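Keep in mind that what you see is a predicted model, and the values were worked out from it rather than measured.
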Number of protein chains: 2
Amino acid sequence: MTTLAEVAARAGVTPATVSNVLRKRGKVGEATRQRVLDAVDALGYRPHLTARALAEGSAPTLALMVSSIANPFYPEFALAAERTARKNGRFLIVCNTNEDPAIARAYLDQIAGTLSEGVLVMNARLDFDDLDKTLARGTPIVLCMWERPDVSPGLPCVAVDFFAAGTLAARHLLELGHTRIGAIVASQRDGVQAARYEGFCHTLRAAGVAHAEQDVRFTRDEVQHGYDAACELLSACPDLTAIFATNDLPALGAMHAAADRGMRIPEDLSVIGITDIQLARESRPGLSTIAVPTDAAAAMAVELLEALIENGGREKEAPMRVAPDPVLVQRASTGRVRGV
Amino acid sequence: MTTLAEVAARAGVTPATVSNVLRKRGKVGEATRQRVLDAVDALGYRPHLTARALAEGSAPTLALMVSSIANPFYPEFALAAERTARKNGRFLIVCNTNEDPAIARAYLDQIAGTLSEGVLVMNARLDFDDLDKTLARGTPIVLCMWERPDVSPGLPCVAVDFFAAGTLAARHLLELGHTRIGAIVASQRDGVQAARYEGFCHTLRAAGVAHAEQDVRFTRDEVQHGYDAACELLSACPDLTAIFATNDLPALGAMHAAADRGMRIPEDLSVIGITDIQLARESRPGLSTIAVPTDAAAAMAVELLEALIENGGREKEAPMRVAPDPVLVQRASTGRVRGV
DNA sequence: ATGAAAGCGCTAACAC
DNA sequence: GTGTTAGCGCTTTCAT
């Protein structure tokens with residue numbers, strides 16, 4: 001490993017000067033500048049990020065903590081976040097907590113504030129206590145994809161109106177004439193995804209459409225779980241003409257379940273999800289869904305985090321930035337209710 | 001931020017002692033140990049990873065460089081790699097080069113050897129020159145998923161016999177009676193994925209089955225590109241009864257293309273891919289594919305990298321570890337050739 | 001325009 | 001058992 005000192009020696013100057021030319025700081029004579037640059041080149045010198053980080057206080061890195069990198073939504077978000085981070089010369093490192101709070105805590109303890117200047121948190125299954133502690137130690141955090149613009153999580157966040165997303169989905173189905181609609185919620189009843197379901201229920205209620213306890217299943221954000229839930233739903237309520245899922249993955253699973261029962265989509269069953277992940281476009285038939293502004297939210301989250309970092313962390317209130325509203329993307333999985 | 005020194009002060013000892021109790025090194029009296037632990041607790045002290053890294057020489061981190069985190073194969077690999085890395089207390093940070101060699105180089109320059117002890121490289125579109133330079137600076141690198149166990153890339157690597165994978169795919173199709181087989185290769189003709197296609201061609205040739213220039217398309221590892229390529233293939237050669245794709249994503253695209261042309265799968269067209277990503281299981285119909293030992297390869301790559309790190313980097317030859325061979329996973333997308 | 005020196009927070013000999 | 005002392009590689013005043 002080549003060090004600053006070695007470069008300095010070869011160029012016949014002191015480390016301070018090398019540092020200056022590299023960071024384009026202070027005044028350095030053109031001649032020495034060249035000599036230094038040549039030495040850097042000859043030695044293949046690369047600044048030691050860790051040493052620099054120690055001296056400066058932190059590394060130019062943002063951490064993105066996700067609960068499961070296997071969920072295709074996260075990579076899409078990560079991609080957008082990275083693009084924004086790199087604009088300001090920062091690296092984005094993604095930390096996969098594997099749905100395990102202990103791992104999440106380990107990352108938070110170790111990475112936050114040392115290897116990274118700040119952390120973006122995405123459904124990482126960490127309780128607010130851990131987050132608060134990290135925050136207290138002075139590392140900025142922003143919650144990505146908070147689901148309710150109307151209530152603050154008490155932490156800096158980027159919110160998307162998922163209640164509205166649920167509303168849009170319900171309205172779309174209603175407009176197509178559906179009145180017997182099953183629901184698949186990809187979380188616990190009181191989980192983070194509840195707002196989506198509430199929006200859905202609220203809209204049904206306002207329209208005077210019944211939605212009973214047996215019309216809903218609570219499960220996880222995976223294709224297979226959506227498949228299973230849809231099977232149950234379709235068996236329990238054969239009169240269902242549509243299924244709403246709070247996430248695209250289980251919606252896809254519901255489509256498969258329907259297909260396996262010989263139902264045609266959308267003739268026999270309409271299916272709609274939320275998010276508009278890439279798979280929604282690529283499935284057959286294409287999945288109708290409520291598109292969430294993933295890229296915008298990611299960019300906003302990074303920008304907010306960077307603002308907090310500049311700011312030094314002393315905010316009065318936990319700031320919230322609200323991303324653009326979700327919009328309906330109609331594809332081939334939803335259609336008018338079948339004639340009776 | 002709480003520092004070691006502050007903890008030491010509060011516990012009435014020196015930093016060295018605190019360090020010792022924290023790292024369970026050296027001998028420390030039980031009483032002082034408790035006092036130190038209490039102080040740590042009271043102050044909410046967390047070791048500063050950067051400082052520790054500087055003092056020790058490197059951070060307990062492995063970097064995984066991928067060209068596009070959006071490709072669902074990478075997360076699966078990353079997941080397995082992370083599990084292995086964490087066994088030895090290391091973190092895995094994934095760096096997305098976004099298919100851009102410049103970004104790749106930036107990551108390599110900045111992260112390798114400073115923020116991370118070693119780097120795992122996955123199709124990251126970096127040329128061997130950059131890798132060699134990094135290696136020369138003393139940071140171990142291992143190439144993951146090298147496609148040819150029989151030829152060394154000149155860098156430490158984990159190889160999977162993708163030639164064999166192509167062979168298996170071809171053999172499967174042949175056994176089902178197909179003789180008019182189209183191919184979709186998810187890379188340039190001379191790209192990394194060439195071995196798969198070579199294995200395929202070799203087997204066809206050995207069986208005396210013709211495969212002409214017009215029966216193949218070179219494209220990219222994405223559903224949409226597979227879709228487009230399949231459309232071209234199916235138009236140009238309407239007599240095709242099967243399509244082999246070097247990757248699952250384009251294979252999925254081919255299935256969609258067939259469906260859109262009113263062809264039934266597998267009655268009218270058989271489709272087979274390589275890798276066995278999760279989507280292959282979840283698609284309808286399920287995609288027959290040649291399963292690659294992703295988890296095993298990831299574990300081996302991490303272990304090899306860790307070995308190189310321990311070793312200090314002075315290897316005689318670039319070591320290669322060969323992962324278990326690919327195996328056929330037959331699902332519903334392949335069937336006997338349609339009767340004529 | 002360039003150099004000297006202190007220090008970021010921690011570890012690791014070695015001395016007491 | 002516990003303290004002392006040197007760094008790790010870099011940045012950053014402050015002199016010169």
> Does Arg52(B) have a side-chain nitrogen or oxygen under 4.0 Å from the phosphate oxygens OP1 or OP2 of dG9(C)?
Replying inline: no

> In whole angstrom, what separates Glu56(B)'s CD from dG9(D)'s P?
Replying inline: 14 Å

> Of all the choices, dG3(D), dG1(D), dG9(C), which nucleotide is nearest to the side chain of Thr17(B) once you look at every atom?
Replying inline: dG3(D)

> Rounded to whole angstroms, how far apart are CG on Leu115(B) and P on dG9(D)?
Replying inline: 15 Å

>> It should be established whether Arg23(A) places a side-chain nitrogen or oxygen under 4.0 Å from OP1 or OP2 of nucleotide dT11(D).
In response: yes

> What is the distance, rounded to the nearest whole Å, between atom CG of Asn20(B) and atom P of dA12(C)?
Replying inline: 9 Å

> Do you see a donor-acceptor pair shorter than 3.5 Å between the side chains of Asn123(A) and Tyr74(A)?
Replying inline: yes

> Arg25(B) side chain N/O closer than 4.0 Å to the phosphate oxygens (OP1, OP2) of dA12(C)?
Replying inline: yes

> Hey, does the side chain of Thr50(A) come within less than 4.0 Å of dC10(D)'s phosphate (OP1/OP2), counting only N and O?
Replying inline: no

> For Pro15(B) and Ala51(B), take the nucleotide of DNA chain D holding the closest heavy atom to each; which residue's nucleotide lies nearer the 5' end?
Replying inline: Pro15(B)

>> Could you tell me how far apart Lys24(B) (NZ) and dA12(C) (P) are, to the nearest whole angstrom?
In response: 15 Å

>> Expressed as a whole number of angstroms, how long is the span from Leu4(B):CG to dT4(D):P?
In response: 15 Å

> Expressed in angstrom and rounded to an integer, what is the separation of His48(A) atom NE2 from dC10(D) atom P?
Replying inline: 7 Å

> How long is the span from the CG atom in Leu79(B) to the CG atom in Leu92(B), to the nearest 0.5 Å?
Replying inline: 10.0 Å

>> Students often get this wrong, so: under 4.0 angstrom with heavy atoms, is Ser19(A) touching a base, only sugar-phosphate, or nothing?
In response: base

>> Taking any heavy-atom pair under 4.0 Å as a contact, classify Thr14(B): base, sugar-phosphate, or nothing.
In response: base

> Picking from dC8(C), dC10(C), dT2(C), which would you name as closest to the side chain of Ala55(A)?
Replying inline: dC8(C)

> Does Tyr107(B) have Arg86(A) sitting over its ring (NZ/CZ under 6.0 Å from centre, angle to axis within 45°)?
Replying inline: yes

> Of all the choices, dC8(D), dC8(C), dC10(D), which nucleotide is nearest to the side chain of Leu54(B) once you look at every atom?
Replying inline: dC8(D)

> Is it true that the NZ or CZ of Arg83(B) lies under 6.0 Å from the centre of Phe77(B)'s six-membered ring and within 45 degrees of the ring axis?
Replying inline: no

>> Checking Glu56(B) against Arg23(B) for the salt bridge (Lys or Arg N to Asp or Glu O under 4.0 Å) test, could you report, in this order, the C-alpha distance in whole Å, the side-chain angles of both residues, the deciding distance, and whether it holds?
In response: CA-CA 13 Å; Glu56(B) 285 185 329; Arg23(B) 337 240 7 239; 3.0 Å; yes

> Atom CG of Leu49(A) and atom C1' of dC10(D): how far apart are they, to the nearest Å?
Replying inline: 11 Å

> Where the side chain of Thr32(A) is concerned, which of dG9(C), dA1(C), dT4(D) is the nearest nucleotide?
Replying inline: dA1(C)

> Leu22(B) CG to dC10(C) P: how many Å, rounded?
Replying inline: 9 Å

